[in-house]
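One-based numbering, in listed order, for ligands and for the atoms of each. Quick caveat, the model's predicted, so the values are computed rather than measured. The residues of the chain are indexed from 1 along the displayed sequence. Only heavy atoms go into these numbers, but all of them, side chains included; no hydrogens, no water, no symmetry mates.
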Amino acid sequence: MTIHARTERLILRDWTTDDTDSYAALSADPEVMRHIGDGQPRDHAYAEDFIKRMIQHQETRGWMRFAIEHQETGELMGFSGFDDKNGPLDFGWRLSRPFWGGGYGFEASAAALWVGQNTFGLTKITAQSYPENVGSIRIMQKMGMSQIGDSEEFGRPLVVYGFPAEWPDGFKP
Ligand SMILES: CC(C)(COP(=O)(O)OP(=O)(O)OC[C@H]1O[C@@H](n2cnc3c(N)ncnc32)[C@H](O)[C@@H]1OP(=O)(O)O)[C@@H](O)C(=O)NCCC(=O)NCCS
């Protein structure tokens with residue numbers, strides 16, 4: 001089990017199959033999933049497949065969507081990190097609802113970005129959001145990202161953020 005970063009309140013770490021039920025509960029919450037993909041909550045099998053895929057990545061290349069653990073309580077809070085399942089390197093974050101609004105999203109994601117860039121040398125990182133997900137876009141801005149393009153998913157417009165110096169010609173979906 002690799003610990004990738006510790007922040008004041010959080011640990012960014014590898015996943016284990018013990019995280020499955022907590023991650024499944026988060027993924028079944030319609031409020032958490034409202035601005036993700038088709039906006040539908042996911043079932044237990046989704047969580048099992050996701051964690052299986054994360055474990056494969058951590059055993060091979062080391063980076064993935066890092067699990068976020070609360071230092072004090074040991075609870076699994078969600079993830080922040082990177083995925084290339086759909087092509088461009090996508091930086092994303094997701095927390096279970098009791099942890100919203102306390103600065104954890106930014107705290108975890110700033111640490112995940114540091115790990116991605118410094119431990120794993122990742123570049124050309126993008127982050128995408130539906131425009132109405134203002135908290136998520138605020139996290140991108142606080143990390144120094146700005147809009148590099150547009151895209152769409154499920155018939156909904158998406159804004160694409162990145163570090164503009166890495167995208168001199170903008171982002172082409
Ligand atoms: C997006 C998410 C990770 C934010 O986590 P969080 O811990 O509540 O965010 P933080 O407390 O670190 O807030 C970061 C910034 O966004 C702002 N913010 C967060 N949620 C907000 C909201 N709903 N409306 C307006 N601003 C919001 C905060 O005020 C803060 O900005 P500030 O420092 O300038 O005040 C969390 O809401 C979540 O998991 N949502 C569901 C999954 C999701 O949508 N993921 C992103 C897909 S693109």
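For residues 96-105, the side-chain hydrogen bond (donor to acceptor under 3.5 Å, both in side chains) pairs, not counting sequence neighbours, are Asp29-Arg97, His70-Tyr104.
Looking at Leu95 against ligand 1, both its backbone and its side chain come within 4.0 Å, counting heavy atoms. Contacts with ligand 1 closer than 4.0 Å are made by no heavy atom of Arg34, backbone or side chain.
Nearest to atom 14 (C) of ligand 1 by heavy-atom distance, out of Leu26, Ile139, Ile137, is Ile139. Residue Asn133 holds the heavy atom nearest to atom 44 (O) of ligand 1 of all those in Val134, Val159, Asn133, Ile36. Closest heavy-atom approach to atom 6 (P) of ligand 1 within the set Gly101, Ala127, Ser80, Ser136: this belongs to Gly101.
Atoms of ligand 1 found under 4.0 Å from any heavy atom of Gly103 (numbered from 1 in listed order, with element): 10 (P), 11 (O), 12 (O). Atoms of ligand 1 lying under 4.0 Å from any heavy atom of Gln128, numbered from 1 in the order shown and given with element: 48 (S).
A distance of 9.5 Å separates CD in Gln40 from CZ in Phe154, rounded to the nearest 0.5 Å. Tyr161 OH to Trp167 CH2: the interatomic distance, rounded to the nearest 0.5 Å, is 15.5 Å. Rounding to the nearest 0.5 Å gives a distance of 6.5 Å between CD of Glu48 and OG1 of Thr20. If you take CD1 on Ile148 and CD on Glu166, they are separated by 8.5 Å, rounding to the nearest 0.5 Å.
The shortest N or O to N or O distance between Met140 and ligand 1 is not under 3.5 Å. The shortest N/O to N/O separation between Arg94 and ligand 1 does not fall below 3.5 Å. Taking only nitrogen or oxygen atoms, main chain and side chain alike, Glu31 does not reach within less than 3.5 Å of ligand 1.
Of the protein's heavy atoms, at least one falls inside 4.0 Å of atom 12 (O) of ligand 1. Within the 4.0 angstrom cut-off, atom 23 (N) of ligand 1 has no protein heavy-atom neighbours. Put simply, atom 29 (O) of ligand 1 has no protein non-hydrogen atoms near it, under 4.0 Å away.
When ring centroids are compared, Phe79 and Phe50 come within the 6.0 Å threshold.
For the pair Asp21/His44, a side-chain contact is recorded, criterion being any heavy-atom separation below 4.5 Å from C-beta on. Taking the side chain as every heavy atom from C-beta outward, Arg61 and Asp84 approach each other to under 4.5 Å.
In this structure, Glu153 has no salt bridge (Lys or Arg N to Asp or Glu O under 4.0 Å) partners at least two apart in sequence or on a different chain.
The shortest separation from a heavy atom of Met33 to ligand 1 is not under 4.0 Å, leaving the residue out of contact.
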